[in-house]
Participant: 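I'd like to ask some things about the structure below.
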Amino acid sequence: MASRRSQFDMKDSVSGKLDEHWKGRKATLERFKVKLPDITESIDPSLHEYHVVINKWKRFDRERNGISANSLKMLATCIRTWDSYCAENGVYSIPVNTEFFMSFLMQKVSEGKSVNTIKQYYAQLSYFFGLFEDTTPLHGREVRGFLKSLINDEADISGYMVQPKQASAFRKHDFDRLVGIVDKTNLRQRRDLALVSVAYATMLREGELGRIRKKHITVHSDRKVTISRVRSKTSSTVKPKLIQEQFAEVFLLFYQPFSQQLSEDDFIFSHMSRSGKALNPTVPCSGRAVDSAFQRLYNLLLQDGHKFASLCERPWSGHSGRVGGVQDGYLIKNLSITQLMQSGDWTSVQMPMRYLRNIDTEDLATVSLQLS
């Protein structure tokens, strides 16, 4: 039998093999196209665990923990902003001191950043520092108390409730009107309507909408449509989505002729010409393109003088179908919070409850209590 040695003696060679294995995967994964900052010069060289921090960052960069490309872009932006603040003050970015971090947040307040933006900095940088420590110091009582003070102070100063911005709701009432006014000979409008139809009927996130491939679509004999999925933002074990009735008819009016020019791996909502030709079907539809489709239809309803089902503080965007689906599910279909969570692939009640937060006053449960 060959002699054995400690696994820890082989960590360098094993790490090299892992790097080689990941190289072949990175080319096809969107999250590896995001450029992360080089933090080598940002770490205090006198730090006892300097090389440990470097190695942990390299390990994160190698795998990126399965985080989506959009989330990585936000993380990278927050890291660069923090590092710039530290450089301006002549200090290293790592390790972090809670008092200095709170001065960073207060600086953002003085720059006019909203409380929700401040909370995003906190969340992203907490995750960042948590990569190097079992417990990030930013999770301490001092910083949490500081954030709570910012929220309460902002509400007292402005006289308005502080709440995260969310997409305006695209609801069934709005969809029904669009079906009546969209020009079926206008291929872009037909495509836009198909996209928002799928968004509402499936409650998929905008990134998931853009990545639907032809091979994911099954059209059944009864004209129902099934969309198979690989994973969602919150789970790798997801169920297919079913589209039926009017939503399926609207989708098929676009999909059946357009898909004839697509291969199985092509993205169904990829960029198309005015004549209906797929221009670059191997590239997924971007979040911005999904937003634009919603906004074009929103503007179409504005021109029509349509009365929207919910108050729209801003034009629709890629998540408007999810918001509208939650509100209609709760107000019209009487779905439970558990059912809404299953529909939107949520693992906690926080997001569906947030989407219900902006329902019109006359729809609130407290109003029903007053009716005789």
Participant: Less than 4.5 Å apart, side chain to side chain, heavy atoms only: is that true for Leu340 and Tyr330?
Facilitator: yes

Participant: More than 12 non-hydrogen atoms from neighbouring residues, nucleotides or ligands closer than 6.0 Å to CD on Glu99, yes or no?
Facilitator: no

Participant: Taking only residues two or more places apart in sequence or in another chain, which ones pass salt bridge (charged side-chain N to carboxylate O under 4.0 Å, His left out) with Lys241?
Facilitator: none

Participant: Would you sort out whether Leu187 and Met272 count as a side chain to side chain contact (heavy atoms under 4.5 Å, CB included), showing the intermediate values?
Facilitator: CA-CA 9 Å; Leu187 295 175; Met272 63 181 284; 3.9 Å; yes

Participant: Pairs in or reaching into residues 64-93: which pass salt bridge (charged side-chain N to carboxylate O under 4.0 Å, His left out), with residues at least two apart or in two chains?
Facilitator: Asp61-Arg64

Participant: Evaluate Val52 against Phe132 for side chain to side chain contact (heavy atoms under 4.5 Å, CB included), listing each step before the verdict.
Facilitator: CA-CA 8 Å; Val52 173; Phe132 314 121; over 6 Å; no

Participant: If hydrophobic clusters are built from ILVMFWY residues whose side chains come within less than 4.5 Å, do Leu253 and Val196 share one?
Facilitator: no

Participant: Mind checking side-chain contact (heavy atoms from CB on, under 4.5 Å) for Ala169 and listing every partner two or more places apart, or none if nothing turns up?
Facilitator: Arg171, Ser310, Val323, Gln327

Participant: Out of curiosity, does Phe128 fall in the hydrophobic cluster containing Met74 (side-chain heavy atoms, cut-off under 4.5 Å, transitive links)?
Facilitator: no

Participant: To the nearest 0.5 Å, how far apart are OG in Ser228 and NZ in Lys239?
Facilitator: 15.0 Å

Participant: Examine Tyr92 and Ile54 and state if one hydrophobic cluster contains both, with Ile, Leu, Val, Met, Phe, Trp and Tyr joined whenever side-chain heavy atoms are less than 4.5 Å apart.
Facilitator: no

Participant: Going hydrophobic residue to hydrophobic residue with side-chain gaps under 4.5 angstrom, can you get from Phe267 over to Ile227?
Facilitator: no

Participant: Any chance you could lay out the ring pair (Phe, Tyr, Trp, His ring centres under 6.0 Å) test for Tyr85 and Phe100, step after step, and finish with the verdict?
Facilitator: CA-CA 10 Å; Tyr85 177 77; Phe100 188 78; 5.3 Å; yes

Participant: Only one of Trp82, Phe104, Tyr127 passes ring-ring contact (aromatic ring centres under 6.0 Å, His included) with Tyr121; say which it is.
Facilitator: Phe104

Participant: Where is the tightest heavy-atom contact between Glu63 and Phe32, given as atom of each residue plus distance?
Facilitator: O-CZ, 3.7 Å

Participant: When you look at CE of Met102, are more than 12 heavy atoms from neighbouring residues, nucleotides or ligands closer to it than 6.0 Å?
Facilitator: yes

Participant: Do Leu131 and Arg59 have side chains that get closer than 4.5 Å, going by heavy atoms?
Facilitator: no

Participant: Measure across Ile243 and Ala248 and return the closest heavy-atom pair with its distance rounded to 0.1 Å.
Facilitator: CG2-N, 3.5 Å

Participant: With sequence neighbours excluded, what pairs up with Glu245 under the side-chain contact (heavy atoms from CB on, under 4.5 Å) test?
Facilitator: none

Participant: Show me the pairs that pass salt bridge (charged side-chain N to carboxylate O under 4.0 Å, His left out) and involve residues 32-49, at least two apart or across chains.
Facilitator: Glu30-Lys33

Participant: Return the minimal non-hydrogen interatomic distance between Pro240 and Thr226, and the atom names on each side.
Facilitator: CB-CG2, 3.6 Å

Participant: Any sub-3.5 Å donor-acceptor pair from Asp266's side-chain atoms to Ser263's backbone N or O?
Facilitator: yes

Participant: Indicate yes or no for a side-chain donor-acceptor contact from Lys224 to the backbone of Leu242 under 3.5 Å, with no hydrogens or angles considered.
Facilitator: no

Participant: Could you tabulate the donor-acceptor pairs under 3.5 Å formed by side-chain atoms of residues 276-289, not counting sequence neighbours?
Facilitator:
residue, atom, partner, partner atom, Å
Asn280, OD1, Thr282, OG1, 3.4
Ser286, OG, Ala289, N, 3.1

Participant: So, Lys172 side chain and Gly324 main chain: donor-acceptor pair closer than 3.5 Å or not?
Facilitator: no

Participant: Enter the distance from Ser343:OG to Leu335:CG here, rounded to the nearest 0.5 Å.
Facilitator: 6.0 Å

Participant: For residues 186-195, pull every pair meeting side-chain hydrogen bond (donor to acceptor under 3.5 Å, both in side chains), keeping only residues two or more places apart or in separate chains.
Facilitator: Asp192-Arg296

Participant: For residues Ile212 and Val198, determine if any side-chain heavy atom of one lies less than 4.5 Å from a side-chain heavy atom of the other.
Facilitator: yes

Participant: Working to the nearest 0.5 Å, report the span between CZ of Phe101 and OG of Ser93.
Facilitator: 11.5 Å

Participant: Which residue pairs satisfy the salt bridge (charged side-chain N to carboxylate O under 4.0 Å, His left out) criterion with at least one member in residues 249-259, sequence neighbours excluded?
Facilitator: Arg223-Glu249

Participant: If you take all heavy atoms of Leu209 and Ala199, which pair is closest and at what distance?
Facilitator: CD1-CB, 3.6 Å

Participant: Can you list everything that forms a side-chain contact (heavy atoms from CB on, under 4.5 Å) with Thr338? Sequence neighbours excluded, please.
Facilitator: Ser336, Gln342

Participant: Would the distance check show the side chain of Asp291 and the main-chain N or O of Ser317 forming a donor-acceptor pair, the cut-off being under 3.5 Å?
Facilitator: no

Participant: Please identify each residue that fulfils side-chain contact (heavy atoms from CB on, under 4.5 Å) with Leu301, with sequence neighbours left out.
Facilitator: Asp174, Arg177, Leu178, Ile181, His306, Phe308, Trp316

Participant: Taking the side chain as every heavy atom from C-beta outward, state whether Leu193 and Phe175 have any pair of such atoms under 4.5 Å apart.
Facilitator: yes

Participant: I'd like to know if the side chain of His173 and the backbone of Lys307 have a donor-acceptor N/O pair within less than 3.5 Å.
Facilitator: yes

Participant: Any chance you could measure Gln120, atom CD, to Leu125, atom CG, to the nearest 0.5 Å?
Facilitator: 9.5 Å

Participant: On a heavy-atom basis, which atom in Ile43 and which in Leu47 lie closest, and how many Å separate them?
Facilitator: CG2-CD2, 4.1 Å

Participant: Applying ring pair (Phe, Tyr, Trp, His ring centres under 6.0 Å) as the test, list every pair that has at least one member in residues 183-211; sequence neighbours left out.
Facilitator: Tyr200-Phe247

Participant: Please test Val219 against Tyr255 for side chain to side chain contact (heavy atoms under 4.5 Å, CB included), starting from the C-alpha separation and ending with a verdict.
Facilitator: CA-CA 10 Å; Val219 181; Tyr255 174 75; 4.2 Å; yes

Participant: Answer yes or no: does atom NZ of Lys215 have more than 12 heavy-atom neighbours from other residues, nucleotides or ligands under 6.0 Å?
Facilitator: yes

Participant: Determine the minimum heavy-atom distance between Ser71 and Ser68, stating which atoms define it.
Facilitator: OG-OG, 3.0 Å

Participant: Evaluate side chain to side chain contact (heavy atoms under 4.5 Å, CB included) for Met203 paired with Val326, printing each intermediate quantity in order.
Facilitator: CA-CA 8 Å; Met203 290 171 61; Val326 167; 3.6 Å; yes

Participant: For the atom pair OG (Ser110) and CG (Leu105), what is the distance rounded to the nearest 0.5 Å?
Facilitator: 11.0 Å

Participant: Just how far is it from atom CG of Asn55 to atom OH of Tyr50, taken to the nearest 0.5 Å?
Facilitator: 10.5 Å

Participant: Is Arg205 close to His319 at the side-chain level, that is, under 4.5 Å between some pair of heavy atoms?
Facilitator: yes

Participant: Give a yes or no answer on whether the side chain of Asp304 reaches the backbone of Leu300 with a donor-acceptor pair at less than 3.5 Å.
Facilitator: no

Participant: Counting distance only, does the side-chain N/O of Ser320 pair as donor-acceptor with the main-chain N or O of Ala167 below 3.5 Å?
Facilitator: no

Participant: Would you indicate whether the side-chain heavy atoms of Asp328 and Lys333 approach each other to under 4.5 Å?
Facilitator: no

Participant: My understanding is that only residues two or more places apart in sequence, or in another chain, count here; which of them pass side-chain hydrogen bond (donor to acceptor under 3.5 Å, both in side chains) with Ser292?
Facilitator: none

